[in-house]
Number of protein chains: 2
Amino acid sequence: MKVSREQAERNRREVVHSAARLFRERGFDGIGLGEVMRAAGLTHGGFYKQFASKEDLVREAMSCALERGRMKWNERVAGADDPLASFVHGYLSPEHRDHPAEGCSFVALGAEAARRDDEALRQVFETEARGYLDLLEGLLDDASSPARRDRALASLSTLVGALLMSRVVRDPELSADFLRAAAAFVLQPR
Amino acid sequence: MKVSREQAERNRREVVHSAARLFRERGFDGIGLGEVMRAAGLTHGGFYKQFASKEDLVREAMSCALERGRMKWNERVAGADDPLASFVHGYLSPEHRDHPAEGCSFVALGAEAARRDDEALRQVFETEARGYLDLLEGLLDDASSPARRDRALASLSTLVGALLMSRVVRDPELSADFLRAAAAFVLQPR
DNA sequence: ATTATCTATAGATCTATAGATAATGC
DNA sequence: ATTATCTATAGATCTATAGATAATGC
């Protein structure tokens, strides 16, 4: 029943990754620890040897999901002709819209995280928000630094809001309109 | 124990309003029917005489909250010097950010609604999204009608995303930056 | 000997239903 | 007689804990 320290570490990581997917897919309250552990190939009794509480797992899963997402976007823009357009079109793509379990956690869980009474969780979201803002800022060509910062703040807002709206409406045309119009708005020359 | 038809109707409305507040405050899964009924001054056993299921209440509460919110914005802009600026500054105000229970349901519950397996609920959000788009479109002064529509789509996205981001970060300064930068972005002349 | 994981369970929820009760409204 | 609301409860969750088990690692 016991496994090696390395295997235990791999198991722990698998729990975090399963949780990160399942939380985004079903919400923090929509999935139990039993199912998270089962998705990681374990039984629910072993959970508290690795984590202090569900709250603890929520924090770790969000930190992992947000950071890995950001790294993915970083890689994507690094190899692109037009890095800003590459980021915007990737973020506002039908693929991203249709796969929340692997997508942006601000959209999938930001509102839920905001109302949790857990300052550490909101700190995780804040740190990652700054990371995304820095990423975006680096892709902008505004003359002044404050202008770039403000444009990054507004652009991130537009991206997050458009993805959210594109997911909640039923009509595929209206959904696509949100993605298209938001991309044009963010990419417009000024 | 029985009450008059009019009182029963008032009770039902009170349940819907309590639910609309509590869902926005705690999430669809974060509040039980018992507490919703208690907030309306009733006991949980009477719930199913008025509603078919919790799903049914979720739909009705969201329809009510979204429509009443839209009406409120409509009244606000009707009496304003600069209707667009009035809407944008009201929506992106610290008051709105700090009172999700009375605020925009797209931000508080859009992501949760999007993942529910309930087409009727997403239809409610879609109908109200069109209502908000029409409202915004009427405040814009772009020359062509398609340009106004696209700007409405992008502006609504920016508003929703900025309010969400302003709620999830911990630092009051960063939170205010989202609100301020997004408002400037939406209101910029073009 | 230590410990990662397992089975089993306590105690607190939650949705939904059953049947009793008492006031309305024909 | 009808019915809006009440009390009580069934059955299914959920988080967290207790104690057993068996493989690791000193």
Side-chain angles (χ1 to χ4, degrees), chain A residues 1-23 25-62 109 112-113 115-118 120-121, chain B residues 1-23 25-62 109 112-113 115-118 120-121:
Chain A
M1 278 173 147
K2 192 186 174 185
V3 299
S4 73
R5 215 165 297 169
E6 293 83 30
Q7 185 58 48
E9 187 54 42
R10 271 194 299 275
N11 287 347
R12 189 184 200 285
R13 258 196 292 273
E14 188 56 35
V15 173
V16 172
H17 289 151
S18 297
R21 284 183 52 88
L22 289 165
F23 286 147
E25 203 170 297
R26 317 252 292 264
F28 296 134
D29 295 333
I31 186 87
L33 296 177
E35 204 168 341
V36 169
M37 291 298 276
R38 187 159 61 250
L42 300 166
T43 59
H44 66 287
F47 178 81
Y48 291 90
K49 197 74 177 197
Q50 294 283 7
F51 303 92
S53 62
K54 184 176 183 180
E55 201 178 4
D56 195 38
L57 175 65
V58 163
R59 246 181 334 250
E60 217 173 310
M62 286 302 93
L109 294 164
E112 281 180 70
R115 62 179 162 246
R116 291 228 151 197
D117 185 24
D118 181 348
L121 177 62
Chain B
M1 278 174 148
K2 191 182 173 185
V3 300
S4 72
R5 215 167 296 168
E6 292 82 29
Q7 184 58 49
E9 187 53 41
R10 271 194 298 275
N11 287 346
R12 189 185 201 282
R13 258 196 291 273
E14 188 56 37
V15 172
V16 172
H17 289 151
S18 297
R21 285 185 50 90
L22 289 165
F23 286 147
E25 201 169 296
R26 319 253 293 264
F28 296 133
D29 295 333
I31 186 88
L33 296 178
E35 205 168 340
V36 169
M37 291 297 276
R38 187 160 56 250
L42 299 167
T43 60
H44 67 286
F47 179 81
Y48 290 91
K49 198 75 178 195
Q50 294 283 7
F51 303 94
S53 63
K54 184 177 184 180
E55 201 179 4
D56 195 38
L57 176 63
V58 162
R59 246 181 335 249
E60 217 174 311
M62 286 301 94
L109 294 164
E112 282 181 70
R115 62 179 164 246
R116 293 230 146 191
D117 186 23
D118 181 348
L121 178 61

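In the text below, chain A, chain B and the rest are named by the order of the sequence lines, each starting its count at 1. All values derive from a computational prediction rather than experimental measurement.
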Margin query: Go through it in stages, so that I can follow the logic: the residues are Glu9(A) and Arg5(A), the test is salt bridge (Lys or Arg N to Asp or Glu O under 4.0 Å), and I'd like the CA-CA distance, side-chain angles, deciding distance and then a yes or no.
Written below: CA-CA 6 Å; Glu9(A) 187 54 42; Arg5(A) 215 165 297 169; over 6 Å; no
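At whole-Å resolution of the value, CD in Gln50(A) and C1' in dT3(C) are 11 Å apart. Taking atom CD of residue Glu6(B) and atom P of nucleotide dA23(C), one finds them 17 Å apart after rounding to whole Å. Protein atom CZ of Arg38(A) is 17 Å distant from nucleotide atom P of dT5(C), rounded to whole Å. When the P atom of dT15(C) is taken as reference, atom CD of Glu55(B) falls 13 Å away, rounded to whole Å. Atom pair His44(B):NE2 and dT15(C):P shows a separation of 10 Å (rounding to whole Å applied). For the pair Arg13(B) CZ and dA4(D) P, the computed distance is 15 Å after rounding to whole Å. Counting to the nearest Å, the C1' atom of dT3(C) and the CZ atom of Arg12(A) are 15 Å from each other. Distance, Phe47(B) CZ to dC6(D) C1': 16 Å, rounded to whole Å.
Ser4(A) comes within 4.0 angstrom of the backbone, heavy atoms only, and of no base. Within the 4.0 angstrom heavy-atom criterion, only backbone atoms of the sugar-phosphate kind lie near Asn11(A); the bases stay farther away. At the heavy-atom level, Lys54(B) lies under 4.0 Å from the strands shown only through sugar-phosphate atoms.
A sub-4.0 Å separation between OP1 or OP2 of dT5(C) and a side-chain N or O of Gln7(A) is absent.
The side chain of Tyr48(A) has dT17(D) as its nearest neighbour among dT17(D), dT17(C), dT3(D). Residue Ala8(A) has its side chain nearest to dT5(C) when only dT5(D), dT5(C), dA16(D) are considered.
Residues Gly30(A) and Gly46(B) each lie close to DNA chain D; by heavy-atom proximity, the contact nearer the 5' end of the strand is made by Gly46(B). Comparing Arg5(B) and Gly45(B) by the nucleotide of DNA chain C whose heavy atom lies nearest to each, the residue mapping closer to the 5' end is Gly45(B). Each of Lys2(B) and Lys2(A) was matched to the nucleotide of DNA chain C holding its nearest heavy atom; the match closer to the 5' end belongs to Lys2(A).
At a threshold of 4.5 Å between non-hydrogen side-chain atoms, the residues Leu57(A) and Phe47(A) count as touching.
Asp56(B) CG to Gln50(B) CD: the interatomic distance, rounded to the nearest 0.5 Å, is 11.0 Å. Met37(B) contributes atom CE, which lies 8.5 Å from atom CG of Asn11(B) (distance to the nearest 0.5 angstrom). Distance CD/Glu35(B) to OG/Ser18(B): 10.5 Å, rounded to 0.5 Å.
Helical stems in DNA chain D, defined as runs of 3 or more consecutive Watson-Crick or G-U wobble pairs with donor-acceptor distances under 3.5 Å: C:1-24 with D:1-24.
Between the side chain of Glu112(A) and the main chain of Phe28(A), a donor-acceptor pair closer than 3.5 Å is present. Put simply, the side chain of Arg116(A) never gets that close to the backbone of Leu121(A): no donor and acceptor are under 3.5 Å apart.
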